[in-house]
Amino acid sequence: MEETILISYLNDFIFCPVSIYFHKLYGTMEKSIYQVKSQTEGLNAHKAIDNKDYTDKKTILQGINVYCSEFNLIGKIDIFDIEKGLLTERKNKIIKIYDGYIYQLYAQYYALKEMGYDVKKIRFHSIKDNKNYDIKLPYENIDTDNKFRNLIKEIHNFDIRKFQAQNIEKCKNCIYEPSCDRSLLC
């Protein structure tokens with residue numbers, strides 16, 4: 001049986017597959033020990049969602065757990081407006097929309113669809129500058145949807161023993177780099 005993938009791991013895997021290993025390893029530790037400022041700010045930006053304080057409107061789902069059996073993915077959504085069919089993923093500050101961000105949104109989209117919700121539109125919201133970024137739905141962007149599906153296969157087939165880092169810039173920006181035996185900075 002294939003292991004269930006956390007939706008948040010989709011972006012992490014693209015950054016560096018080994019980061020998921022370290023994320024699991026450090027998972028129960030106090031986050032302030034290893035997280036950098038931007039990660040702490042990102043977690044703080046989600047507090048309203050996590051505490052379900054974003055809104056009290058009953059047609060807005062906030063911070064609910066979702067599961068997609070088609071891809072064996074599990075995670076949480078930020079905000080889904082049932083009336084508008086609008087799924088919004090909030091980020092503290094969006095400078096660039098990475099493929100991994102889109103794949104996470106696609107995973108949430110597919111999970112909500114499986115749960116019977118009519119998702120008509122997906123977007124990112126940058127909290128610090130209050131900007132929205134509309135994203136094409138998977139059926140509107142077949143190329144990106146195929147990349148999403150291939151990433152999931154890649155994660156299921158990943159063998160950490162064979163992994164060699166390729167991008168020194170990623171190693172320089174990795175919070176786990178000091179502990180990593182695969183770092184290009186060694």
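Numbers here simply count residues along the sequence, with the first being 1.
- Within the 3.5 Å criterion, the main-chain N or O of Asn141 finds no donor-acceptor partner in the side chain of Asp145.
- To the nearest 0.5 angstrom, Thr88 atom OG1 is 11.0 Å from Ile135 atom CD1.
- Every residue was checked against the side chain to side chain donor-acceptor pair (under 3.5 Å) condition with Lys113, not counting sequence neighbours, and none meets it.
- Heavy-atom minimum distance, Lys84 versus Lys120: O-CD, 3.8 Å.
- Shown here are the side chain to side chain donor-acceptor pair (under 3.5 Å) partners of Tyr67, two or more places apart in sequence or in another chain: Asn72.
- A donor-acceptor distance shorter than 3.5 angstrom exists from the side chain of Asp78 to the backbone of Arg90, with no hydrogens or angles considered.
- Listed by first then second residue, pairs satisfying side-chain hydrogen bond (donor to acceptor under 3.5 Å, both in side chains) with a partner in residues 97-109 read Glu89-Gln108, not counting sequence neighbours.
- In this structure, Ile152 CD1 and Ile5 CD1 are separated by 6.0 Å, a value rounded to the nearest 0.5 Å.
- Residues Phe80 and Tyr133 fall within the same hydrophobic cluster, defined by Ile, Leu, Val, Met, Phe, Trp and Tyr side chains chained together at heavy-atom separations under 4.5 Å.
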Next item on the list: Please step through side-chain contact (heavy atoms from CB on, under 4.5 Å) for the pair Tyr117 and Leu87, ending with a clear verdict.
Entry: CA-CA 10 Å; Tyr117 292 103; Leu87 173 62; over 6 Å; no
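- Transitive grouping of hydrophobic side chains (ILVMFWY, heavy atoms separated by less than 4.5 Å) keeps Ile122 and Ile142 in distinct clusters.
- Between atom CG of residue Asp12 and atom CD1 of residue Ile20 there is a gap of 5.5 Å, rounded to the nearest 0.5 Å.
- Between the side chain of Glu83 and the main chain of Asp81, no donor-acceptor pair closer than 3.5 Å is present.
- Here the shortest heavy-atom pairing between Thr4 and Leu73 reads CG2-C, 4.3 Å.
- Side-chain heavy atoms closer than 4.5 Å link hydrophobic residues (I, L, V, M, F, W, Y) into clusters, and following such links, even through other members, never connects Leu6 to Phe15.
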Notebook entry, point to check: Given the rule in the side-chain contact (heavy atoms from CB on, under 4.5 Å) test, do Ile74 and Asn65 qualify, once you have shown the distances and angles that lead to the verdict?
Noted result: CA-CA 7 Å; Ile74 194 166; Asn65 292 314; 5.9 Å; no
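- Of the inter-residue distances, the one linking Ile97 atom CD1 with Asp134 atom CG reads 9.0 Å to the nearest 0.5 angstrom.
- Ile95 and Ile127 fall into different hydrophobic clusters, where Ile, Leu, Val, Met, Phe, Trp and Tyr residues are linked whenever their side-chain heavy atoms come under 4.5 Å apart, directly or through other members.
- Contact between Ile94 and Ser126 at its shortest, heavy atoms only, is N-OG, 3.0 Å.
- Hydrophobic clustering of Ile, Leu, Val, Met, Phe, Trp and Tyr side chains at less than 4.5 Å, counting indirect connections, keeps Ile82 apart from Leu86.
- Contact record, Val119 with Leu137: O-CD1, 4.3 Å, taken as the closest heavy-atom pair.
- A distance of 7.5 Å separates CE of Met115 from CD1 of Ile77, quoted to the nearest 0.5 Å.
- Once rounded to the nearest 0.5 Å, the distance linking OH of Tyr110 with CZ of Arg149 reads 4.0 Å.
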